[in-house]
Amino acid sequence: MAGPSADLRVRRLELLAVMSLGADLGLGQPMEHVLRECLIAMRLAERVGLDTRGRATVCYTALLTWVGCHVDAYEQAKWFGDDLAFKSDFPMVDGAGTGFVLRHLGAGRPLVDRARLGLALIGGGRREVEAIIDNHRRAAEDLAHQLGLDAEVRDSLGQAFERWDGRGTPGLARGPAISLVARLVTLADVVEVFHRLGGVEAAVAVARERRGTQFDPELVDLFVSVADEILVGPDGEATWSAVIAAEPELDVVLTGAELDAALAAVANFADVKSPYTLGHSCAVALLAESAARTAGLVEADAVLVRRAAYVHDLGRLGVSNTIWDKPSSLSVGERERVRLHPYLTERMLAASALAPLGTVAIAHHERLDGSGYPRGITGDALPMVARILGAADAYRSKLEPRPHRARLTADQAAAYLRDEARVGRLDGDAVEGVLHVAGHAVRRRRSWPAGLTAREVEVLRLAARGLAVAAIAAQLGISKKTAANHVEHIYVKIGVSNRARASLFAVKHGLIGDDDIDAESRQR
């Protein structure tokens, strides 16, 4: 599956727009909330007379302001329950003061638990809660620096949570001392939410209500006078296109090593959502790329799987930390939300030049027997790059602690992967490739005709002797579905459509009576 990843050219603005979709998920807002906010802010910027460079600064600031909203999702979930629900309510109030905090404290938990949290808040937790917005601000500034954005953008991000009345975060500026860019973005952020929920009338009402408290009075007056024009806008894909078309002469194109560095920064940034996944994506990228090269894949595929690994877990931002960090078994509904995260990754990337990475990333939890998610892909429909990514992700995950289990040793993780290959869920070659680059001794393997695996040869021997699917499953200790999938994939690989022709293939290639197959399959 040689892909175009090695030749990818991605505008930095595109990457920021992808990250803004992650911010939408992390805020509990519909996707493209931030993109619409960005359009509103840029239209206002044009009305106040900002030049091209100033409008570009508004664009970058709008896309990045909330990008760090997930970095302390662990703490948010600890104090407020569903962190996504907590943040989705934030724009609805004029300042998240004590009343807002107390209303959300321990949401969804029994009264006694909420009381304990209240005491903990009084006893020292207040500082941790008060740091939440400041954490977002600092994280956005840091990512802007890593992506090479200039000081004007970073300074605007530093004031993105200040208020006109001086009661914002970090509380170092008020009134006209706050940068014009930050004032524009703050207003656009809130009026977008109210416009989406209640139309132009609701957006105008909230702007007037917070005039002189959260918002610059003069900007509110300007907005109110042109709200019908400012708020009308493209929907769906046109929203993405309108933002991406903004100020292209001031943007940079990322290729090669610059693109890899940017994707690695994004990977680390996303993994911070939970303390259990720190550094996960970059570690998977290293394993997957090395395994692809060991397997002899072409250079384009090695680059593709590395870059897909960097972004494979972006969709985790759309699932609450009450689920990711839950120390007990997940409910059926919670498991379904987890199964959505690869799909969310693909949707975040779909409209951008990074879309080829999404087609691989979405498959990192798929399994050869169809038991994976989100689409239940089976067999040959799963390309080798996706099989390698799945094996690398599974291995690395087992080496990391999770809320419900301790980390496994390297030998335990290797045994797990080999068991998964033996029962037909993970690809045996992908598993051995990942384990080899991870430093494990690789078991001796032999090559089989038509790209058959040792397990498939074993199934072929039984099918050629006339055993039905149920009998094959019983003899090999696998499910009927897995056995049927094996038979189907074998027929496709060897180019036959019935047992008789399959038996001819087996005899021709000396596969009948090959006594070392069973031993090798048992080892795997």
Side-chain angles (χ1 to χ4, degrees), residues 11-27 29-48 50-70 87 90-91 133 136-137 139-145 147 149-163 168-169 178-196 203 206-207 214-216 219-220 222-223 227 230-231 233-234 238-248 250-251 269 348 351-352:
R11 284 183 60 196
R12 183 173 54 188
L13 186 58
E14 271 191 288
L15 187 58
L16 297 182
V18 167
M19 292 300 292
S20 81
L21 298 178
D24 294 333
L25 295 175
L27 288 168
Q29 297 288 348
M31 288 178 77
E32 297 199 345
H33 153 66
V34 171
L35 290 177
R36 289 188 293 269
E37 166 206 320
C38 183
L39 284 179
I40 293 169
M42 286 194 295
R43 288 171 177 172
L44 283 170
E46 188 172 6
R47 295 300 181 112
V48 300
L50 287 186
D51 60 13
T52 299
R53 188 174 189 86
R55 292 195 301 272
T57 300
V58 169
C59 180
Y60 298 140
T61 302
L63 293 177
L64 280 171
T65 290
W66 282 107
V67 75
C69 68
H70 68 283
K87 283 174 287 194
F90 193 84
I133 291 297
H136 301 174
R137 176 184 67 86
E141 287 181 89
D142 185 59
L143 183 62
H145 179 73
L147 296 179
L149 290 163
D150 60 31
E152 292 179 2
V153 175
R154 300 198 301 273
D155 290 345
S156 297
L157 288 169
Q159 295 187 331
F161 298 106
E162 296 285 17
R163 292 168 52 96
T169 299
I178 303 170
S179 80
L180 177 57
V181 171
R183 284 179 269 154
L184 286 164
V185 171
T186 298
L187 175 60
D189 177 50
V190 174
V191 299
E192 192 288 320
V193 174
F194 279 80
H195 176 248
R196 175 164 31 87
V206 73
Q214 185 176 10
F215 304 141
D216 176 347
L219 284 184
V220 168
L222 171 63
F223 167 72
I230 292 292
L231 294 175
T239 305
W240 172 279
S241 300
V243 171
I244 297 305
E247 322 305 345
L250 295 182
D251 200 23
F269 199 73
M348 286 174 64
S352 74

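Computed from a predicted model, the values in this text were never measured in an experiment.
- Residues Leu157 and Val153 form a side-chain contact, since some pair of their non-hydrogen atoms from C-beta on lies under 4.5 Å apart.
- The shortest distance between side-chain heavy atoms of Tyr60 and Leu13 falls below 4.5 Å.
- Nearest heavy-atom pair, Leu180 versus Leu50, reported as atom, atom and distance to 0.1 Å: CD2-CD2, 3.9 Å.
- Cys69 and Ala23 get closest at one heavy-atom pair: SG-O, 3.8 Å.
- The salt bridge (charged side-chain N to carboxylate O under 4.0 Å, His left out) check on Glu162 picks up nothing, with sequence neighbours excluded.
- Every residue two or more places apart in sequence or in another chain was checked for a side-chain hydrogen bond (donor to acceptor under 3.5 Å, both in side chains) with Asp24, and none qualifies.
- Going from atom SG of Cys59 over to atom CG of Leu64 covers 9.5 Å, rounded to the nearest 0.5 Å.
- A distance of 10.0 Å separates CG in Leu35 from OG in Ser241, rounded to the nearest 0.5 Å.
- Between Thr65 and Thr186 there is no side-chain heavy-atom pair separated by less than 4.5 Å.
- Annotation: side chain of Arg53 is in contact with side chain of Asp150 (closest heavy-atom distance under 4.5 Å).
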How far apart are the C-alpha atoms of Arg36 and Leu39, what are their side-chain angles, what is the distance that settles it, and do they pass the side chain to side chain contact (heavy atoms under 4.5 Å, CB included) test? CA-CA 5 Å; Arg36 289 188 293 269; Leu39 284 179; 5.6 Å; no

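- Side chains of Met31 and Met348 form a contact here, defined as non-hydrogen atoms less than 4.5 Å apart.
- The minimum heavy-atom distance linking Phe269 with Gly68 is given by the pair CZ-CA, 3.7 Å.
- Residues satisfying the salt bridge (charged side-chain N to carboxylate O under 4.0 Å, His left out) criterion with Arg154, sequence neighbours excluded, are absent altogether.
- Annotation: side chain of Glu37 is in contact with side chain of Val185 (closest heavy-atom distance under 4.5 Å).
- Remark: Ile230 CD1 to Glu46 CD distance equals 8.5 Å, nearest 0.5 Å.
- In this structure, the separation between CZ on Arg137 and CD on Glu141 is 5.0 Å, given to the nearest 0.5 Å.
- In terms of heavy atoms, Ser179 sits closest to Ser156 at OG-OG, 3.8 Å.
- Listed here is the closest heavy atom pair of Ala62 and Val34: O-CG1, 3.4 Å.
- At least one side-chain heavy atom of Phe223 sits less than 4.5 Å from a side-chain heavy atom of Leu231.
- Taken from CG in Leu63 to CG in Leu149, the straight-line distance is 10.0 Å, to the nearest 0.5 Å.
- Gln29 is not listed as a side-chain neighbour of Glu192, based on a closest heavy-atom distance of 4.5 Å or more.
- The two residues Ala351 and Glu14 come nearest to each other via the heavy atoms O-OE2, 4.5 Å.
- To the nearest 0.5 Å, atoms CD1 (Ile40) and CG (Leu184) are separated by 12.0 Å.
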